[in-house]
A.B. asks: 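To start, I am sharing the structure in question, which I have written as structure tokens.
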Amino acid sequence: MGMDDTSLITEYPQVKDLMAEQPIFWRNPDYGQQTELPFSKADIFDAVARWERFAPYLATAFPETAGMNGIIESPLIKLDQMQDSWNKMYHQNLTGKLFLKADSQLPISGSIKSRGGIYEVLKFAEHVAMTQSDLVYMDDYRVLATDRYRRIFSNYGVIVASTGNLALSVGIVAATFGFKTTVYMSHDARQWKKDKLRANGVTVKEFNTDFSHVIPQARKDASLDPNIHFVDDEGSSDLFLGYAVAAVRLQNQLKKQHISVDRKHPVLVYLPAGVGGSPSGVAFGLKTIIGPYIHAVFCEPTHVPSVTLGMMTGLNNQISVYDIGLDGLTAADGLAVGRPSRLAGKVMRTLLFGSVTFQDDEIYRNVAQLMDSQQITVEPSAAAGFTAIAPVINNVPAFNSENATHIVWATGGNMMPGSERRANYNRGESLL
Ligand SMILES: *Cc1c(COP(=O)(O)O)cnc(C)c1O
């Protein structure tokens, strides 16, 4: 680091607003520059092909995916009623189209983690099956659900540290293959998530410490056994590419809805960021597959603007929100990560249009509005995108055009028990 707060603020005046927990819009000065990226379009299509090889397996092992033939994808939903409610709530007149990318409805984890987390487990399973047995690319992968393969997989393990949705996606799928699966969680992780994991045969280890101490412990335990694969949320390329596949699917959904993406028809995509892995993977995919006229905006809590702080200062994972005196506390479960991933800021340096920070009350209001207007449930983190639209169109009036499309990426929510849904709704309702 080697930079104190005063020199940080001198060089990057918006750091002062971050320190004051003020909602901000940060426009990325490096957006659109030419640069070398660590991944390519070929990497995305390698991941697309792997998902397709596994689709017959997934349709068998997870019957809830059979209707989609084992393809794990979410709908793109037009939000006409929510757009009216949103305009009233924010005293705005959003003239473009508003959509929800409903990853809250993805099978298995009910969250965006079904993209990256499941993909990483599939890749590991394929590697083990090809090196420890005779699986070849052209096989029908349903064979991986047989006892012969389950016995092979039982000699291997998967470890992940997570406070929530990543644990669900990685844990459930790894245990279904037959891997010895251990999830490291902090003591305050939600009980229903621990219960669901244990019911699926996952070992849940709970720790009484801060979550930042749980990750190093998980990493260390995994490194002691060469047969254990560690899913590293702070920098995994497999997670990243699993998320990036979303862009290939979204491109097709945009075409089906007759939405063109060009200079006259910009598309804005609002993505909540925690460690920054899922929004960066998705955004990398969007820029690589769809091109220069789709613009990604990250959304973070004012108390935990970790990716924004890292990118604004160029320090990326070398700075945490605690370094500037923030407490890192938010009710938005998936976003309470004080230090960004090693990949996010580096890959996004030229690909991110900008980012927005919001106060927790605002996501609850949107949770309630979305329920009232469209009867769609999302978890608080997943409503973050709704908070970013007004700052973006007010700072860039050209984006408030009838030719523009705004896509709020709803990152999770379908697995929440009814009691939690009602509590979130009630909190939002009381703030409207
Ligand atoms: C994990 C998660 C995010 C953020 O993803 P990161 O990879 O941590 O940035 C956002 N919303 C929900 C619901 C999540 O579970």
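Whatever order the structure lists them in is the order used to number ligands and atoms, beginning at 1. All values reported here derive from a predicted model rather than from experimental measurement.
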A.B. asks: Is the distance between the ring centroids of Phe179 and Phe124 under 6.0 Å?
C.D. replies: yes
A.B. asks: Decide side-chain hydrogen bond (donor to acceptor under 3.5 Å, both in side chains) for Ser236 and Glu120; before the verdict, give the C-alpha distance in whole Å, the side-chain angles of both, and the deciding distance to 0.1 Å.
C.D. replies: CA-CA 9 Å; Ser236 159; Glu120 178 146 353; 2.6 Å; yes
A.B. asks: Kindly indicate whether the side chain of Phe399, heavy atoms from C-beta on, has any atom under 4.5 Å from the side chain of Ile389.
C.D. replies: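 No; the side chains remain at least 4.5 Å from each other.
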A.B. asks: At the 4.0 Å heavy-atom cut-off, does Ala382 count as touching ligand 1?
C.D. replies: no
A.B. asks: In terms of heavy-atom contacts, does NZ of Lys346 have more than 12 from other residues, nucleotides or ligands at under 6.0 Å?
C.D. replies: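 Not more than 12 within 6.0 Å, no.
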A.B. asks: Can you pull out the closest protein heavy atom to atom 3 (C) of ligand 1? Residue, atom name and distance to 0.1 Å, please.
C.D. replies: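 In this structure, atom 3 (C) of ligand 1 has Lys113 NZ, 3.6 Å as its nearest protein heavy atom.
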A.B. asks: Can you report which non-hydrogen protein atom sits closest to atom 8 (O) of ligand 1, along with the distance?
C.D. replies: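 The closest one turns out to be Val275 N, 3.0 Å.
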A.B. asks: Apply the test salt bridge (charged side-chain N to carboxylate O under 4.0 Å, His left out) to residues Lys16 and Asp5: give CA-CA distance (whole Å), side-chain angles for both, the deciding distance (0.1 Å), then the verdict.
C.D. replies: CA-CA 9 Å; Lys16 194 170 178 184; Asp5 288 352; over 6 Å; no
A.B. asks: Between Asn165 and ligand 1, which part of the residue brings a heavy atom under 4.0 Å of the ligand: side chain, backbone, both or neither?
C.D. replies: side chain
A.B. asks: Would you mind listing which atoms of ligand 1 come within a distance below 4.0 Å of any non-hydrogen atom of Ala273?
C.D. replies: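 What qualifies from ligand 1 is 9 (O).
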A.B. asks: Below 3.5 angstrom, do we get any N/O pair linking Val337 and ligand 1?
C.D. replies: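 Checking ligand 1 against Val337, no N or O pair falls under 3.5 Å apart.
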A.B. asks: Among side-chain atoms of Ser109 and Asn165, is any donor-acceptor pair under 3.5 angstrom?
C.D. replies: no
A.B. asks: Should one rank Ser278, Gly117, Ser104, Gly110 by closest heavy-atom distance to atom 6 (P) of ligand 1, which comes out on top?
C.D. replies: Ser278
A.B. asks: Between Asp195 and Lys193, does at least one N-O distance fall below 4.0 Å, as a salt bridge requires?
C.D. replies: no
A.B. asks: Against heavy atoms of Gly277, which atoms of ligand 1 measure under 4.0 Å?
C.D. replies: 6 (P), 7 (O), 9 (O)
A.B. asks: For atom 12 (C) of ligand 1, grab the closest protein heavy atom and report residue, atom and distance to one decimal in Å.
C.D. replies: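 Checking every protein heavy atom, the shortest distance to atom 12 (C) of ligand 1 gives Thr411 OG1, 3.4 Å.
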A.B. asks: What part of Leu335 sits under 4.0 Å from ligand 1 if we count only heavy atoms: the side chain, the backbone, both or neither?
C.D. replies: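 Contact part for Leu335 vs ligand 1: side chain (C-beta onward).
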